[in-house]
J.: 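Here it is: the structure, laid out below.
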Amino acid sequence: MKKITYLISNINKSLAFEWIVEELDKNRFDLSFILLNNGGSDLENFLHSHDIQHYRVHFTGKKSLPIALLKVLTNLCRHRPDVIHCHMFDACLIGLLAGKLLAIRRRIFTRHSGSYNWYYNKKGLGYDRLFAWLSTDVVAISQNVKNLLIEKECVPSHKVSLVHHGFKLDEFCNVPTSRVEALQQKYNPSKKRPVIGIISRWLHLKGIQYIIPAFNKLLKEYPDALLVLANAKGPYRPEIEKQLSELPSESYY
């Protein structure tokens, strides 16, 4: 049986990891998790309820990195996985380094970001190169990311695998009416129409600064329209809030 350890940082809830727990063949794989968080999380509660081995490393940022690395090294030494798979920046930095030091045979990281560092954070390019060097395999979540890794960042093509994010399509069918009504009562009790939903962090690269003016134009034709901004957090907040101030307060949530 192959032992696999996922290392994940700063994640509260993720359906993708829940689906992996539910669907992975337990007769072939011994799955465990190391969670780098500053406290408990929905994901940790899920793992506990499904009797999945997991270990939380208290992590609050750069100052806690040395201790976190030591704890991860200790845990990996004890568990000795055949494969580690790292997600998100801090988990990649700590997990891939620990895996390299311990000579873990397969060290995988998923590249969730695209060209962000090329345009917004040049210093981050060094970390991108470091992660590619420390890993034995890199998962690209889209063809664009795969092209970027191979053509622009010169990651050897044999290292890179394209694995699109998956969805349980049946989750979108036969949705209980009670769920729909609960969401409507929470976000749109006045039953405004049409509803434009945006699920995105407030970053310049996400393009929300273009969506809001477009919605403002839509209001002229559909004055009862509603804009719902989910996951509304991020460093671009001042600019987004300035644009939102130009909309009627009842037209967005």
Side-chain angles (χ1 to χ4, degrees), residues 1-113 124 126-141 145 149 155 159-161 163 165-166 201:
M1 182 179 291
K2 194 174 290 292
K3 299 170 72 173
I4 302 173
T5 297
Y6 274 78
L7 293 99
I8 308 165
S9 55
N10 304 313
I11 292 294
N12 178 48
K13 181 177 177 62
S14 171
L15 289 175
F17 295 121
E18 292 179 10
W19 293 339
I20 288 170
V21 168
E22 293 171 342
E23 302 296 337
L24 198 67
D25 188 344
K26 295 177 177 58
N27 295 317
R28 296 177 56 201
F29 303 105
D30 177 12
L31 183 64
S32 64
F33 284 76
I34 297 177
L35 307 175
L36 288 90
N37 279 342
N38 62 2
S41 64
D42 286 344
L43 178 57
E44 184 175 346
N45 294 337
F46 176 87
L47 297 174
H48 180 76
S49 68
H50 285 70
D51 295 321
I52 299 298
Q53 183 177 355
H54 60 281
Y55 177 63
R56 188 209 310 164
V57 174
H58 185 71
F59 185 80
T60 57
K62 292 180 180 179
K63 291 183 179 180
S64 58
L65 196 150
I67 294 177
L69 176 60
L70 180 60
K71 289 182 177 179
V72 169
L73 281 166
T74 301
N75 183 273
L76 292 177
C77 274
R78 186 184 303 120
H79 191 60
R80 280 292 171 182
D82 303 294
V83 181
I84 61 171
H85 191 162
C86 305
H87 293 263
M88 314 310 291
F89 177 85
D90 296 311
C92 289
L93 180 60
I94 293 172
L96 292 173
L97 181 58
K100 183 74 170 179
L101 291 173
L102 295 174
I104 293 175
R105 185 177 178 183
R106 300 298 293 273
R107 303 178 301 277
I108 307 169
F109 90 94
T110 293
R111 174 70 172 264
H112 291 280
S113 62
Y127 287 105
D128 290 337
R129 296 187 183 96
L130 175 64
F131 296 162
W133 178 75
L134 290 171
S135 65
T136 59
D137 303 86
V138 183
V139 175
I141 62 169
V145 172
L149 286 165
V155 178
K159 270 192 175 188
V160 183
S161 298
V163 181
H165 283 317
R201 288 171 295 153

J.: If I take atom CG from residue Asn75 and atom OG from residue Ser32, how far apart are they, to the nearest 0.5 angstrom?
T.: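 It is 7.0 Å, given to the nearest 0.5 Å.
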J.: Is the shortest side-chain heavy-atom distance between Leu43 and Asn12 below 4.5 Å?
T.: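 Side-chain contact under 4.5 Å: no.
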J.: What pair of heavy atoms forms the shortest contact from Ile11 to Ser41, and how long is it?
T.: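 Result for this residue pair: O-CB, 3.8 Å.
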J.: For a side-chain contact (heavy atoms from CB on, under 4.5 Å) check, start with the C-alpha distance between Leu96 and Leu7, then their side-chain angles and the critical distance, and finish with the verdict.
T.: CA-CA 9 Å; Leu96 292 173; Leu7 293 99; over 6 Å; no
J.: Indicate yes or no: at least one non-hydrogen side-chain atom of Pro81 is less than 4.5 angstrom from one of Ile84.
T.: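 Answer yes - side chains close enough.
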J.: Using the rule given for side-chain contact (heavy atoms from CB on, under 4.5 Å), can you reason through Lys100 versus Trp133, listing the C-alpha separation, both sets of side-chain angles and the distance that settles it, and then say yes or no?
T.: CA-CA 10 Å; Lys100 183 74 170 179; Trp133 178 75; 4.0 Å; yes
J.: Working to the nearest 0.5 Å, report the span between CG of Leu31 and CG of Asp25.
T.: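 So the gap between those two atoms works out to 11.5 Å.
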J.: Can you list every pair that meets ring pair (Phe, Tyr, Trp, His ring centres under 6.0 Å) and has a residue in residues 40-70, with sequence neighbours left out?
T.: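 Pairs touching residues 40-70 that pass the test: Phe46-His50.
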J.: Is any side-chain heavy atom of Leu35 closer than 4.5 Å to a side-chain heavy atom of Leu47?
T.: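 With C-beta onward as the side chain, the pair touches.
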J.: Do the non-hydrogen side-chain atoms of Gln53 and His79 ever get within less than 4.5 Å of each other?
T.: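 In short, these two side chains touch, coming nearer than 4.5 Å.
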J.: Can you find a heavy atom in the side chain of Lys2 that is under 4.5 Å from one in the side chain of Val83?
T.: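 Sidechains of Val83 and Lys2: in contact.
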J.: Mind checking whether Phe17 and Val21 have side chains closer than 4.5 Å, heavy atoms only?
T.: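 No; the side chains remain at least 4.5 Å from each other.
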J.: How far does CG of Asp30 sit from CG of Leu24, to the nearest 0.5 angstrom?
T.: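 If I round to the nearest 0.5 Å, the distance is 10.0 Å.
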J.: How many angstroms lie between atom CG of Leu130 and atom CG of Leu97, to the nearest 0.5 angstrom?
T.: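 Nearest 0.5 Å value for the CG-CG distance: 7.5 Å.
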J.: Of all residues at least two apart in sequence or in a different chain, which pass the salt bridge (charged side-chain N to carboxylate O under 4.0 Å, His left out) check with Asp137?
T.: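 With sequence neighbours excluded, Asp137 shows a salt bridge (charged side-chain N to carboxylate O under 4.0 Å, His left out) to Arg106, given in chain and number order.
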J.: Please lay out, stage by stage, how Val145 and Val160 fare under the test side-chain contact (heavy atoms from CB on, under 4.5 Å).
T.: CA-CA 10 Å; Val145 172; Val160 183; over 6 Å; no
J.: Would you mind telling me which of Ile8, Ile4, Thr5 makes a side-chain contact (heavy atoms from CB on, under 4.5 Å) with Phe33?
T.: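 Result for side-chain contact (heavy atoms from CB on, under 4.5 Å) with Phe33: Ile8.
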J.: Set out, in order, the CA-CA distance, both residues' side-chain angles and the distance that settles side-chain contact (heavy atoms from CB on, under 4.5 Å) for Thr110 and Val163, then state yes or no.
T.: CA-CA 9 Å; Thr110 293; Val163 181; over 6 Å; no
J.: How far does CG of Leu36 sit from CE of Met88, to the nearest 0.5 angstrom?
T.: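 With rounding to 0.5 Å, CG (Leu36) is 12.0 Å from CE (Met88).
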J.: Would you say Tyr127 has more than 12 foreign heavy atoms packed within less than 6.0 Å of its OH?
T.: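 Count not over threshold, so no.
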J.: Roughly how far, to the nearest 0.5 Å, is the CD1 atom of Ile108 from the SG atom of Cys92?
T.: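 Answer rounded to 0.5 Å: 11.5 Å.
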J.: Under 6.0 Å between ring centres: does that hold for Phe109 and His87?
T.: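 Phe109 vs His87: aromatic centres not under 6.0 Å.
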J.: Are the side chains of Leu102 and Cys77 in contact, using a 4.5 Å heavy-atom criterion?
T.: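 They are in contact (side-chain heavy atoms under 4.5 Å apart), so the answer is yes.
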J.: Could you tell me whether the side chain of His112 reaches within less than 4.5 Å of the side chain of Ile141, counting heavy atoms only?
T.: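 SC-SC contact between Ile141 and His112 confirmed.
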J.: Tell me, please, which residues at least two apart from Asp90 pass salt bridge (charged side-chain N to carboxylate O under 4.0 Å, His left out).
T.: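 Once residues adjacent in sequence are excluded, Asp90 has no partner under the salt bridge (charged side-chain N to carboxylate O under 4.0 Å, His left out) criterion.
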J.: Got more than 12 heavy atoms from elsewhere within 6.0 Å of CG, Leu15?
T.: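 Atom CG in Leu15 is crowded, with more than 12 foreign heavy atoms closer than 6.0 Å.
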